[in-house]
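Below: the structure, in structure tokens.
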Protein chains: 2
Amino acid sequence: MGRTATIDEGELVARLGEAFRQFGYEGATLTLLAKVTGLQKASLYHRFPGGKEQMAREVLDNAQAWITAHILDPLRGPGEPSARVAAMVRQVDEFYRGGRLPCLLNVLASGESMQGPFATDIKAMMEAWIGALSAVAIDAGCDKRRARGRAERFIALLEGSLVVSRGLGTVQPFRDVLKGAALELLGDQRSSRDS
Amino acid sequence: MGRTATIDEGELVARLGEAFRQFGYEGATLTLLAKVTGLQKASLYHRFPGGKEQMAREVLDNAQAWITAHILDPLRGPGEPSARVAAMVRQVDEFYRGGRLPCLLNVLASGESMQGPFATDIKAMMEAWIGALSAVAIDAGCDKRRARGRAERFIALLEGSLVVSRGLGTVQPFRDVLKGAALELLGDQRSSRDS
DNA sequence: GTCTATAGGAAGATAGAC
DNA sequence: GTCTATCTTCCTATAGAC
């Protein structure tokens, strides 16, 4: 409608997020961020007066909201544990573009940014994810300790599979982890073939 | 003895490696690299005419040599599979400083450097590691397909546990993966408690 | 709210003395 | 082989017109 050719806010943050994930925090220069968003540097500063750090923070907040809504809530919600895990798998596959896009939590935990501005959010996100995975494992009959172990282990497996996929140049490791998610989290409940 | 106060070559590359692992390729500025080595920038360029990229490459080569000698060879060498895995675990623990130091393969696969100058070496190193792990699993009675799967899975678990350890601010996930390495790679051979 | 233009500084890399 | 001093380029950030 009678509007000037301005970029949508959600799309803007999404593009910034992709750039940070692909190139890392220091690797994502403002010139690059301007290019991928189609805006000029000054326009980016108009929307993010805090500069690059604010951009990364909003990307992180956005990811947290998306993950909470699309992954964590369904994971805790009603339904059979195996169905909930299957739903998570679909969303995770989308979130990581089938294994082609690195994890923001990995990328932003590098360098100075570690004990720096993002550490708290990263830790909170990981713990929220582990908590939700624990919950579904508990619903499947695990005791708390074992559930927590499986959850941590699955997150590690997921993050690691992204690293290995990138290193080997094939998304197969990522796919394998997604395929084995139910078995990994819920244990052997006669719902999977051997692997 | 009658020598000027010049830094040892091995120590030099080791310090550079630590810096790259902690701060990433773009995060490790020449000013920082000069600081951690105790040399001036010009001195670094004297030893590495190719600049930062050459430094990273030599760090990578050095890591490859160390891993081959201390981890891969013993893994293939003689001895009981479980003893070989135990030996690997000790060396891996040292290599990653008990889980406190990120993996070079993860850190250098970021950004442009991905399809860039290090991709080939990173892939080769991962495949060498996976190959050696497969070998020990085969010696423990696995068929080839399953051995390869376990090896890939273990590398992912290891890489991911470093990411999670960094994110959560505790090396416990890394420790857990090392503790479960034998079970993970060799299967349940009545040599481990449940976990 | 977006742009062009530019300030100010840090980055990678070199020159040349010792 | 290491240093001080410097070059050039790129980066983050801002000023100000439209």
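A, B, ... follow the sequence lines: proteins, then strands. Residue 1 opens every chain. No hydrogens, no waters, no symmetry mates; every other heavy atom, side chains included, goes into these values. Just so it is clear, the model here is predicted, and its values are computed rather than measured.
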Residues Trp129(B), Glu152(B); criterion side-chain contact (heavy atoms from CB on, under 4.5 Å); working and verdict = CA-CA 9 Å; Trp129(B) 200 331; Glu152(B) 272 188 16; over 6 Å; no
key: Arg166(A)/Leu105(B) under side-chain contact (heavy atoms from CB on, under 4.5 Å): CA gap, chis, key distance, verdict   = CA-CA 10 Å; Arg166(A) 196 155 27 107; Leu105(B) 301 181; over 6 Å; no
ask   = How far apart are the C-alpha atoms of Leu60(A) and Met125(A), what are their side-chain angles, what is the distance that settles it, and do they pass the side-chain contact (heavy atoms from CB on, under 4.5 Å) test?
value = CA-CA 10 Å; Leu60(A) 201 51; Met125(A) 262 176 96; 4.2 Å; yes
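Across the protein-nucleic acid pair, Tyr25(A) atom OH and dT12(D) atom P stand 8 Å apart, rounded to whole Å. In this structure, the CD1 atom of Ile7(B) is 10 Å from the P atom of dC3(D), given to the nearest Å. When the P atom of dT14(D) is taken as reference, atom CG of Leu30(A) falls 11 Å away, rounded to whole Å. Put simply, CD on Gln54(A) is 12 Å from P on dT14(D), counting in whole angstrom units.
When only modelled atom types and interatomic distance are considered, Asn62(B) and Glu58(B) share no side-chain donor-acceptor pair under 3.5 Å.
Few gaps surround CD on Gln172(B); more than 12 heavy atoms of other groups in view lie less than 6.0 Å from it.
Interface residues of residues 8-18 of chain A facing DNA chain C, ordered by number: none; criterion, heavy-atom separation under 4.0 Å. Contacts between residues 39-50 of chain B and DNA chain D, defined by a heavy-atom separation under 4.0 Å, are made by Leu39(B), Gln40(B), Ala42(B), Ser43(B), His46(B), Arg47(B).
At a threshold of 4.0 Å, the pair Lys52(B)-Glu26(B) does not count as salt-bridged, since none of the basic side-chain nitrogens sits closer than that to a carboxylate oxygen.
A cation-pi arrangement is not found for Arg148(B) relative to Phe154(B), the charged atom failing to lie both closer than 6.0 Å to the ring centre and inside a 45° cone about the ring normal. Judged by a 6.0 Å distance limit and a 45° cone about the ring axis, Arg57(B) is not positioned over the six-membered ring of Phe20(B).
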